[in-house]
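The sequence lines fix the lettering, A, B, ..., with proteins before strands; numbering per chain opens at 1. Every heavy atom of this structure was used, including side-chain atoms; hydrogens, water molecules and symmetry mates were not.
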There are 2 protein chains.
Amino acid sequence: MTRDDDSPPTPELLFLLGMAFQLVLTEFNERVAAAGYPDLRPVHGMAFQILGAEGATSSELAARLGVTKQAAGQLVDDLERRGYVLRTAHPAGGRRKLVVLTDAARRHLGIAGDVLHDLEAELARRAGADTPLLRAELLRLVHGLAGDDLPPLRPVW
Amino acid sequence: MTRDDDSPPTPELLFLLGMAFQLVLTEFNERVAAAGYPDLRPVHGMAFQILGAEGATSSELAARLGVTKQAAGQLVDDLERRGYVLRTAHPAGGRRKLVVLTDAARRHLGIAGDVLHDLEAELARRAGADTPLLRAELLRLVHGLAGDDLPPLRPVW
DNA sequence: CATCCAAGTAAAGGAGCTTTACAAGCATGA
DNA sequence: TCATGCTTGTAAAGCTCCTTTACTTGGATG
């Protein structure tokens, strides 16, 4: 009894999750691009968020992004060239370098946050989606699958 | 008034959608791999589902997958080499070729469907997620963003 | 029959990652 | 003291999957 065949043919949960994520992310990305950041992908915003106020090392960034430290290093190279991050001396010394955000990145974080909230509010209005309920249910599902620590967010295709 | 700062810090809807999708997809993919298909990625399953009972041309497949026809052609090349699809003469003639599933692909479709349903049932039990409710809310959201026609499902990173 | 169009294919190239390999700084125990 | 080992950071090569560019082929349309 895995399926009720005379119910309306709702797409599978997995497909719905995928389409919802993709649609919201694409819309978000387009709005952020239109706001002056056409050359920043979602992963860059994720990196900014991880680096946050205190910064982090490339290796920490790699772990949180779920990629190799080389990939994270390349990302930092790129962002540094474009003026979004700086490699500074790490207080703990050693070979470590603390990657910190520049003001340009902080401005992006602020704008992206605004876009995100506007978008969610619009979804609640336009689609009539009960976003608090949706968030609660999704949080349950995520915790059920991943435990308490939230996993890195990566493309899975 | 974009944020209520004294509410519990639930992650953003976009993040929750991403994590939920990724977790469920990864779990799904691992189970399918364990069931004997370690070399099939989600996009292959999507292709099987699109080709379905009647088959389709490479160009149709490309449109539904949201990639170029060359990319779809390469996918079909690969799947044909591995015995999952066949290029047959197209009833409409012309240069068209009808790509159809082999029995191997149909077996995969059946197993993947079972895995999907098992997984959803487990989620409802383990996580206590109200999956019908979740599906309804997600469907609302998707229709609100995409209209009636469901968009191709692609990686967005 | 000349023209155009859509389908398929071929080849090159690029983005973004991994793998392999190595150098540099520090901690640890014998 | 100092050899060992661990971890960070980098460098270089290679791989996968996609796109871009360009071409061929079969049929429709005037």
Side-chain angles (χ1 to χ4, degrees), chain A residues 22 25-26 29 33 37-47 50-51 54-82 84-100 152-157, chain B residues 22 25-26 29 33 38-48 50-51 54-82 84-100 152-157:
Chain A
Q22 180 181 332
L25 179 56
T26 300
N29 202 41
Y37 301 94
D39 49 356
L40 287 182
R41 289 176 300 133
V43 70
H44 298 127
M46 281 296 304
I50 290 167
L51 296 177
E54 299 153 15
T57 66
S58 283
S59 292
E60 288 162 356
L61 183 62
R64 300 265 328 256
L65 287 177
V67 299
T68 60
K69 57 183 181 175
Q70 290 88 335
Q74 290 169 14
L75 194 73
V76 172
D77 285 345
D78 179 40
L79 290 175
E80 193 171 32
R81 235 177 294 130
R82 289 154 68 183
Y84 288 112
V85 304
L86 287 174
R87 286 186 231 240
T88 67
H90 197 287
R95 282 206 83 185
R96 292 181 185 180
K97 297 176 186 176
L98 189 65
V99 181
V100 297
L153 202 46
R154 298 206 43 204
V156 213
W157 232 223
Chain B
Q22 179 181 331
L25 180 56
T26 300
N29 202 41
D39 50 356
L40 287 182
R41 291 177 298 132
V43 69
H44 298 127
M46 281 296 304
F48 292 168
I50 290 168
L51 295 177
E54 298 153 16
T57 66
S58 284
S59 292
E60 288 163 356
L61 183 62
R64 299 269 325 257
L65 287 178
V67 297
T68 60
K69 58 184 182 177
Q70 290 88 335
Q74 290 169 15
L75 193 74
V76 172
D77 284 346
D78 179 40
L79 290 174
E80 191 171 33
R81 236 176 295 129
R82 289 153 68 184
Y84 288 112
V85 304
L86 287 174
R87 286 187 231 239
T88 67
H90 196 287
R95 283 206 82 185
R96 293 182 184 178
K97 297 178 184 174
L98 188 66
V99 181
V100 297
L153 204 45
R154 299 206 43 205
V156 212
W157 233 222

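Among the atoms of the strands shown, only primed sugar atoms or phosphate atoms (P, OP1, OP2) are found under 4.0 Å from some heavy atom of B/Gly94.
Nearest approach of B/Leu98 to B/Pro91, heavy atoms of both residues: CD2-CD, 4.3 Å. Looking at every heavy atom in both residues, B/Gly55 comes nearest to B/Val100 through CA-CG1, 4.3 Å. Across all non-hydrogen atoms, the minimal contact from B/Leu79 to B/Ala47 is CD1-CB, 4.5 Å. B/Ser58 approaches B/Ala72 most closely through the heavy-atom pair O-CB, 3.5 Å.
For A/Gln70 against C/dT20, a side-chain-to-base donor-acceptor contact under 3.5 Å is present. Residue side chain A/Lys69 reaches the base of D/dG9 through a donor-acceptor N/O pair under 3.5 Å, judged by distance alone.
Both B/Arg96 and A/Gln74 sit near DNA chain C, but only B/Arg96 has its closest nucleotide nearer the 5' end. Taking for each of B/Asp77 and A/Ala71 the nucleotide of DNA chain C with the nearest heavy atom, the 5'-most of the two is the partner of B/Asp77.
Rounded to an integer number of Å, the gap from CG of A/Leu75 to P of C/dT18 is 12 Å. The separation between B/Arg64 atom CZ and C/dA7 atom C1' is 19 Å, rounded to whole Å. Distance CZ (B/Arg154) to P (C/dA15): 16 Å, rounded to an integer number of Å. We find that CG of B/Leu40 is positioned 16 Å from P of D/dT16, with the value rounded to whole Å. Per the geometry, CE belonging to B/Met46 stands 13 Å off P belonging to D/dC18, to the nearest Å.
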Q.
side chain to side chain contact (heavy atoms under 4.5 Å, CB included) for A/Leu61 and A/Val76? Distances and angles first, verdict last.
A. CA-CA 9 Å; A/Leu61 183 62; A/Val76 172; 3.8 Å; yes
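Contact check, B/Thr68 against D/dC18: no side-chain N or O comes under 4.0 Å of OP1 or OP2. Within the structure, a side-chain polar atom (N or O) of A/Arg87 is placed less than 4.0 Å from OP1 or OP2 of D/dT10. Close to D/dC23, at under 4.0 Å from its OP1 or OP2, lies no side-chain N or O of B/Arg95.
In this structure, the nucleotide among C/dG8, D/dG9, D/dC18 sitting nearest to the side chain of A/Lys97 is D/dG9.
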